[in-house]
Amino acid sequence: ANRVLMATDADRASVTQASRLQHLLIEAGTPAEAISLIWINRHGTPAETALASLQAGLGRAPAAAIGPAPEAMFAALDIGQPLVLARPRL
């Protein structure tokens, strides 16, 4: 792959699993610079706390962050659609 996007939240379990995946990808021959970290902030974690956790656990800061959207998620659930279809520009 030319580019791998690795999405994770900043909680301990997610960072641990992302770290394992990152090591497997690198062992399989993916260059570390081809791996981009995307932070999915599902719980509304303060950025300073999350960035410290990601940096400590993965050795890198995220290339992008996706913030929480609970209202939009509930609205999508109400109409029976995935969030990306119900609110594609969110």
Side-chain angles (χ1 to χ4, degrees):
N2 294 333
R3 170 77 70 222
V4 176
L5 300 177
M6 185 170 61
T8 187
D9 203 340
D11 62 88
R12 185 176 185 174
S14 296
V15 171
T16 298
Q17 292 302 318
S19 178
R20 289 179 182 159
L21 175 60
Q22 180 175 262
H23 283 89
L24 287 171
L25 288 167
I26 292 170
E27 285 177 3
T30 302
E33 56 276 359
I35 303 169
S36 293
L37 177 62
I38 310 299
W39 170 35
I40 309 293
N41 187 3
R42 295 179 299 166
H43 306 293
T45 305
E48 186 176 308
T49 303
L51 294 176
S53 174
L54 293 167
Q55 188 71 40
L58 297 167
R60 64 178 70 216
I66 299 172
E71 298 85 14
M73 180 58 79
F74 289 125
L77 289 170
D78 282 344
I79 61 172
Q81 286 188 331
L83 181 59
V84 295
L85 294 177
R87 299 279 302 273
R89 298 184 192 273
L90 184 64

| remark: In terms of heavy-atom contacts, P68 and G44 come closest through CG-CA, 3.8 Å
| remark: Heavy-atom nearest pair, A50 first then A10, reads CB-CB, 3.5 Å
Does the [X] side chain pair with the main chain of [Y], one donor and one acceptor, at a distance under 3.5 Å?
| X | Y | answer |
| --- | --- | --- |
| R87 | A72 | no |
| Q55 | A61 | yes |
| S19 | V15 | no |

How long is the gap from [atom1] on [X] to [atom2] on [Y], to the nearest 0.5 Å?
| X | Y | atom1 | atom2 | result |
| --- | --- | --- | --- | --- |
| H43 | D11 | NE2 | CG | 5.5 Å |
| I35 | I26 | CD1 | CD1 | 4.5 Å |
| H23 | T30 | NE2 | OG1 | 13.5 Å |
| T45 | I40 | OG1 | CD1 | 12.0 Å |
| I38 | T8 | CD1 | OG1 | 11.0 Å |

| Any side-chain donor paired with an acceptor under 3.5 Å for R60 and Q22? | yes
| task | Would you please name every residue forming a side-chain hydrogen bond (donor to acceptor under 3.5 Å, both in side chains) with S53, sequence neighbours left out? | result | none
Side chains of [X] and [Y] in contact at under 4.5 Å (non-hydrogen atoms):
| X | Y | value |
| --- | --- | --- |
| S14 | R42 | yes |
| M6 | S36 | no |
| W39 | L54 | yes |

| request: Give the C-alpha distance, both sets of side-chain angles, the deciding distance and a yes or no for side chain to side chain contact (heavy atoms under 4.5 Å, CB included) between L25 and V4. | output: CA-CA 9 Å; L25 288 167; V4 176; 3.8 Å; yes
